[in-house]
Visitor: 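Let me begin by handing over the structure; questions about it come next.
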There are 2 protein chains.
Amino acid sequence: MAGDTRERLVRVARDLIHGSSFAQVSVEDICKEAGVHRGSLYHFFPSKERLGLAVLDANWAMMAALLDEAFGAEAPPLERIDRFVRGFGGMIALMRERTGSTPECPIGGLSAELSAKGDEPRAHATRILDAWAAYFSDAIREAEARGEVDPTVDPHETALRILAYLQGTALLAKAYDRPEIVEHARDGVRALLAPSR
Amino acid sequence: MAGDTRERLVRVARDLIHGSSFAQVSVEDICKEAGVHRGSLYHFFPSKERLGLAVLDANWAMMAALLDEAFGAEAPPLERIDRFVRGFGGMIALMRERTGSTPECPIGGLSAELSAKGDEPRAHATRILDAWAAYFSDAIREAEARGEVDPTVDPHETALRILAYLQGTALLAKAYDRPEIVEHARDGVRALLAPSR
DNA sequence: CCCCTTGTTGACTGTTCGGTCAAGAGCGCC
DNA sequence: GGCGCTCTTGACCGAACAGTCAACAAGGGG
């Protein structure tokens with residue numbers, strides 16, 4: 001129980017949030033689970049909202065690690081996207097195992113919820129979503145250069161579509177409580193890379 | 001102010017929920033906005049959760065009307081899907097105008113949130129999502145029969161993909177507060193109808 | 001005219017919420 | 001040893017929360 005209180009709070013908050021939603025988790029719940037008094041939480045975070053943003057940052061760190069691993073691989077760009085999608089599905093399934101219920105996308109779900117709280121949280125969230133989409137658009141551009149994707153496909157537009165599709169699969173996975181939905185997302189993503197008529 | 005209290009409660013609740021989320025809207029807020037005392041609400045609904053399910057039903061009624069209008073038209077199946085997507089985008093934009101903030105999908109967002117509350121709400125939500133997807137899969141089957149879609153495309157699987165994609169666009173639209181994202185969904189949906197490799 | 005049903009009221013319960021605060025513990029540095 | 005910094009405690013605040021209740025209004029049918 002050394003200087004890891006802050007991290008523990010963020011980790012616990014993340015698990016609880018994924019089990020339901022940010023609004024449904026109370027500061028009290030988080031503190032109790034972390035074995036800490038409320039005053040301690042407010043030593044590290046000025047408000048519940050800022051704790052939420054810290055959780056979003058932690059989730060993004062996790063996601064970025066997954067992205068770097070998949071997109072840093074020596075493989076054709078489309079295959080790197082596949083790799084990531086597989087990793088994404090695995091992450092959702094893992095969280096389902098750890099928390100007992102299927103979460104939404106750790107980035108998208110929180111982003112949509114926190115965005116409604118004001119302009120600053122929204123800017124924070126959209127910056128992360130943009131960074132995520134950039135991984136896709138870079139890979140798409142590279143795939144076009146290699147002739148593996150029709151050059152009439154707009155990389156940025158398509159990256160957003162892939163992102164949206166992944167968000168939607170995660171949302172449906174939560175509604176159905178069936179994480180496999182995300183794990184089967186590969187083919188849908190591939191279809192999005194075909195040129196639209 | 002005759003016998004329309006129940007309807008008014010549901011309508012007000014819907015608007016408030018779309019401005020944020022089910023959990024963030026209090027029974028008090030709803031009653032105040034509807035010009036009714038709390039006891040009255042509990043005359044019609046045994047709990048806040050049941051009111052949430054009633055809102056979900058109302059949203060589904062609205063969505064089903066949109067679906068019937070689009071899919072009942074005399075037009076090729078793919079065009080009927082286009083019609084619906086356009087209507088869906090318009091609905092989100094309209095809600096944005098009326099409530100001042102971009103909502104998630106009125107079906108998907110609520111479904112994901114209520115599903116976490118137990119098996120009964122989950123069954124309720126998934127039944128609605130299944131009914132929605134059926135509109136798509138029927139149209140896809142018909143398009144295949146007419147040779148407008150590759151017959152190797154699995155109708156049910158693809159319908160779920162379209163549904164997921166629409167959910168995701170709505171979620172991103174809320175996070176970015178840019179309803180146009182949904183209004184541009186047509187091309188993404190079309191891409192999903194191409195066969196996956 | 002009374003009764004019964006449907007709806008409404010407004011005050012009430014007990015709980016939980018996010019957030020504050022003064023006091024102190026532990027600890028390294030001068 | 002004493003100072004200052006970081007962190008923790010636990011009691012406390014007022015507000016908001018979901019839900020309850022007995023009383024009462026309205027009105028149509030017998």
Side-chain angles (χ1 to χ4, degrees), chain A residues 1-58 109-110 113-122 124-125, chain B residues 1-58 110 113-118 120-121 124:
Chain A
M1 280 190 211
D4 64 341
T5 303
R6 197 194 135 102
E7 293 171 33
R8 201 165 65 253
L9 281 168
V10 171
R11 201 176 57 237
V12 165
R14 175 166 69 198
D15 286 352
L16 292 181
I17 288 169
H18 289 165
S20 49
S21 74
F22 178 72
Q24 296 208 14
V25 173
S26 74
V27 173
E28 176 79 31
D29 293 337
I30 297 166
C31 290
K32 201 173 284 179
E33 186 72 20
V36 157
H37 289 259
R38 267 213 302 287
S40 235
L41 187 149
Y42 284 96
H43 173 72
F44 293 104
F45 305 98
S47 68
K48 190 193 179 190
E49 181 186 310
R50 291 294 263 279
L51 169 62
L53 288 174
V55 169
L56 181 57
D57 283 335
L110 244 188
E113 197 167 355
L114 294 176
S115 283
K117 302 213 166 204
D119 287 339
E120 196 221 322
R122 163 165 291 125
H124 195 110
Chain B
M1 276 192 216
D4 63 341
T5 303
R6 197 195 135 102
E7 293 171 32
R8 201 165 65 254
L9 281 168
V10 171
R11 202 177 55 237
V12 165
R14 175 168 68 198
D15 285 352
L16 292 180
I17 287 170
H18 289 165
S20 50
S21 75
F22 178 73
Q24 296 208 14
V25 173
S26 74
V27 173
E28 175 80 31
D29 294 336
I30 296 166
C31 290
K32 200 172 287 178
E33 187 72 19
V36 158
H37 290 259
R38 268 213 302 289
S40 236
L41 188 148
Y42 283 97
H43 172 71
F44 293 104
F45 304 98
S47 68
K48 190 192 178 191
E49 181 186 311
R50 292 293 263 279
L51 169 60
L53 288 174
V55 170
L56 182 56
D57 283 335
L110 243 188
E113 197 168 353
L114 293 177
S115 283
K117 301 213 168 206
E120 195 222 321
H124 195 111

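Lettering of chains follows the sequences in order, A, B, ..., and the numbering in each one begins at 1. Since the structure is predicted, the reported quantities are computational estimates derived from the model, not experimental observations. Excluded from the calculations below are hydrogen atoms, water molecules and symmetry mates; all remaining heavy atoms, backbone and side chain alike, are included.
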Visitor: Measure the spacing between CZ of B:R8 and SG of B:C31 and express it to the nearest 0.5 Å.
Guide: 10.5 Å
Visitor: Specify the residue among A:S40 and B:S40 whose closest nucleotide of DNA chain C lies further upstream toward the 5′ end.
Guide: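 Here B:S40 is the residue nearer the 5' end.
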Visitor: Rounded to whole angstroms, how far apart are CG on B:L51 and C1' on D:dG19?
Guide: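 So the two atoms are 13 Å apart, to the nearest Å.
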Visitor: Which residues within residues 43-50 of chain B lie with some heavy atom under 4.0 Å of an atom in DNA chain C?
Guide: B:H43, B:F44
Visitor: Which whole-number value in Å describes the distance from A:L41 CG to D:dT9 C1'?
Guide: 14 Å
Visitor: Do A:F45 and A:L53 come close enough that some side-chain heavy atom pair is under 4.5 Å?
Guide: no
Visitor: Partners of A:S47 by side chain to side chain donor-acceptor pair (under 3.5 Å), sequence neighbours excluded?
Guide: none
Visitor: Please give, in whole Å, the distance from D:dG10 C1' to A:K32 NZ?
Guide: 14 Å
Visitor: Who pairs with B:R38 by side chain to side chain donor-acceptor pair (under 3.5 Å), at least two apart in sequence or on another chain?
Guide: B:E28
Visitor: Can you give the donor-acceptor pairs under 3.5 Å from side chains of residues 9-22 of chain A to other protein atoms, not counting sequence neighbours?
Guide:
{"unit_1": "A:D15", "atom_1": "OD1", "unit_2": "A:R98", "atom_2": "NH2", "d": "2.6"}
{"unit_1": "A:H18", "atom_1": "NE2", "unit_2": "A:N59", "atom_2": "ND2", "d": "3.4"}
{"unit_1": "A:S21", "atom_1": "OG", "unit_2": "A:Q24", "atom_2": "N", "d": "3.4"}

Visitor: Roughly how far, to the nearest 0.5 Å, is CZ of A:R50 from CD of A:E120?
Guide: 5.5 Å
Visitor: Let's see if you get this right: which residues in residues 18-30 of chain B place a heavy atom under 4.0 Å from DNA chain D?
Guide: B:V25, B:S26, B:V27, B:E28
Visitor: Between protein and nucleic acid, restricted to nucleotides 11-14 of chain D and to nitrogen or oxygen atoms under 3.5 Å apart, what atom pairs and distances do you find?
Guide:
{"unit_1": "D:dC12", "atom_1": "N4", "unit_2": "A:R38", "atom_2": "NH2", "d": "3.2"}

Visitor: Before giving the answer on side chain to side chain contact (heavy atoms under 4.5 Å, CB included), spell out for A:H124 and A:L114 the whole-Å C-alpha distance, their side-chain angles and the decisive distance to 0.1 Å.
Guide: CA-CA 9 Å; A:H124 195 110; A:L114 294 176; over 6 Å; no
Visitor: Which distance, rounded to the nearest 0.5 Å, do you find between the CD of B:E113 and the CG of B:L110?
Guide: 6.5 Å
Visitor: How close do A:L41 and A:V36 get, counting heavy atoms only, and between which atoms?
Guide: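 Between these two residues, the closest heavy atoms are N-CG1, 4.3 Å.
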Visitor: Give a yes/no answer on whether the side chain of A:T5 brings an N or O atom under 4.0 Å of OP1 or OP2 in D:dC7.
Guide: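 No, no such contact exists.
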Visitor: Looking only at side-chain N and O atoms, does A:H37 come under 4.0 Å of OP1 or OP2 in D:dG10?
Guide: yes
Visitor: Could you state the interatomic distance from CD1 (B:I30) to NZ (B:K48), rounded to the nearest 0.5 Å?
Guide: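 Going from CD1 on B:I30 over to NZ on B:K48, the span is 6.5 Å.
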Visitor: B:Y42 side chain N/O closer than 4.0 Å to the phosphate oxygens (OP1, OP2) of D:dT20?
Guide: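 Indeed not, no polar side-chain atom of B:Y42 lies that close.
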